[in-house]
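Notes to accompany the following structure.
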Amino acid sequence: MVEQHTCTGVLPGWEQVDRLVADAYEYARGSADGAVADYIPALAQVDPELFGVAVAEVDGGLHGVGDVGVEFSIQSISKAFVYALVCQALGHDAVAERIGVNNTGLAFDSVIAIELNDGHPMNPMVNAGAIATTALLPGGSAGEQWEAIRAGLSAFAGRPLELDSAVYRSEAATNQRNRAIARLLESYGRIEADPLEVVDVYTRQCALRVTATDLAVMGSTLADGGVNPISGKRVVSATVCRDTLAVLAANGLYQRSGEWLFDIGLPGKSGVAGGIVAVSPGKAGIGTFSPRLDPAGNSVRGKLATAHLSRALGLNIFASDAVTEPRSGGRAP
Ligand code: GLU
């Protein structure tokens, strides 16, 4: 058990963070639990042993251990950043009204969740809400929307992100369920654009290639009020970051979001290729990659490593120390 710190204050010095990232990697590496996603055929080909842990501090400091430079498809983690881009373009209220923020308690690709909620997509981190969010992106055509996503997610990462065409083709050939979800949303008047074109853009956004280091930098941009700590460029506003992190806290880890928040205490988002991003507001982004998943679709080692770092670095946003001295002007007990 590692020492517990609270979330107030700042990160420890660079060398201590570096050592704790190595500790987290060693701690989680022992687990071989979970299974690689195979419902997208290309994902089943990946080496299940790959594992990397990266931290990007908001001042630009980078830490990484293991396979932090190996590229994999971002999958559902794209939902967080596309949501931020759409909030930036349309504003808090318009997106909250159209998409919602509440957890469905059901699987990410649930059709029943749409039916139970009269066609409301519920939140942008399940497929229905993500497809509806992508449909809201400004742009006269699907091609322009795709370019806006690629440029926007690249700005979050601080480097140009490329499409993994093998993963894209593999998912495009097998994503009947997402097409059905888009058609169902159309039937409820929740998508105005061509539903199959929207699913195509969504499938591309999920097939963008990232590394664990990219995820850490993307998370750090959200932690830093929207400014990329490496490029120094503003990507979205601080208000958009706040809204995005609230949505991630409630919905980022699928129907296990409550457990994640209880154990780890950070907004985060996982994807079925094995990535997880976690965000410590004002401090850092954490990116992990390990392809073996729990039954909900969350990387097992990624969860373990992030939990270790959250405890060791005092990142849990709900943890506080008791104030034992009366504050100046306050009343003594
Ligand atoms: N592209 C995947 C899908 O729509 C993303 C799922 C995920 O990462 O949760 O099924």
Side-chain angles (χ1 to χ4, degrees), residues 34-46 71-83 99 103-111 113-114 121-135 146 149-150 153 161 163-185 191 195-210 212 214-215 218 247-248 250-257 260 268-278 287-300 302-303:
V36 171
D38 58 4
Y39 78 99
I40 299 171
L43 297 186
Q45 313 299 322
V46 73
E71 291 190 320
F72 55 94
S73 54
I74 188 168
Q75 295 300 337
S76 262
I77 302 167
S78 65
K79 294 168 178 169
F81 298 97
V82 172
Y83 176 70
I99 309 295
N103 202 299
T104 64
L106 294 166
F108 65 91
D109 58 354
S110 174
V111 171
I114 305 171
M122 293 302 286
N123 77 71
M125 299 301 133
V126 290
N127 287 10
I131 291 167
T133 301
T134 294
W146 161 236
I149 290 175
R150 195 213 299 249
L153 268 58
L161 301 180
L163 182 75
D164 186 322
S165 6
V167 169
Y168 163 66
R169 282 198 307 272
S170 177
E171 183 164 359
T174 54
N175 66 353
Q176 292 85 355
R177 194 174 179 89
N178 285 340
R179 283 180 253 158
I181 287 172
R183 284 281 190 213
L184 191 55
L185 290 172
I191 288 191
L196 297 189
E197 282 189 9
V198 175
V199 171
D200 186 64
V201 176
Y202 165 80
T203 307
R204 287 173 189 270
Q205 82 182 45
C206 289
L208 276 171
R209 301 168 74 104
V210 290
D214 289 330
L215 291 182
M218 295 170 88
V247 166
L248 294 189
N251 306 295
L253 280 285
Y254 308 116
Q255 65 273 41
R256 301 226 169 153
S257 298
W260 161 276
K269 182 74 199 91
S270 58
V272 291
I276 300 183
V277 64
T288 60
F289 169 51
S290 175
R292 290 198 200 93
L293 310 178
D294 71 16
N298 303 309
S299 166
V300 175
K303 277 195 303 185

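No hydrogens, no waters, no symmetry mates; every other heavy atom, side chains included, goes into these values. Both counts, for ligands and for their atoms, begin at 1 and track the order of listing.
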> Can you tell me if Asn127 and Lys79 form a side-chain donor-acceptor pair at under 3.5 Å?
Replying inline: yes
> Testing Ser76, Ser73, Ser78 for side-chain contact (heavy atoms from CB on, under 4.5 Å) with Cys206, which one passes?
Replying inline: Ser78
> Is a side-chain donor-acceptor pair under 3.5 Å present for Ser257 with Asn251?
Replying inline: no
>> I'd like to know if the side chain of Ser270 reaches the main chain of Asn298, judged simply by a donor and an acceptor atom lying under 3.5 Å from each other, with no hydrogens or angles considered.
In response: no
>> Strictly under 4.0 angstrom, heavy-atom based: which residues surround ligand 1?
In response: Tyr39, Gln75, Ser76, Phe108, Asn127, Glu171, Asn178, Tyr202, Cys206, Tyr254, Gly271, Val272
> Would a 4.5 Å heavy-atom cut-off, applied to side chains only, mark Glu171 and Asn178 as touching?
Replying inline: yes
> Nearest heavy-atom pair of Leu215 and Val210: which atoms, and what distance?
Replying inline: CD2-CG2, 4.0 Å
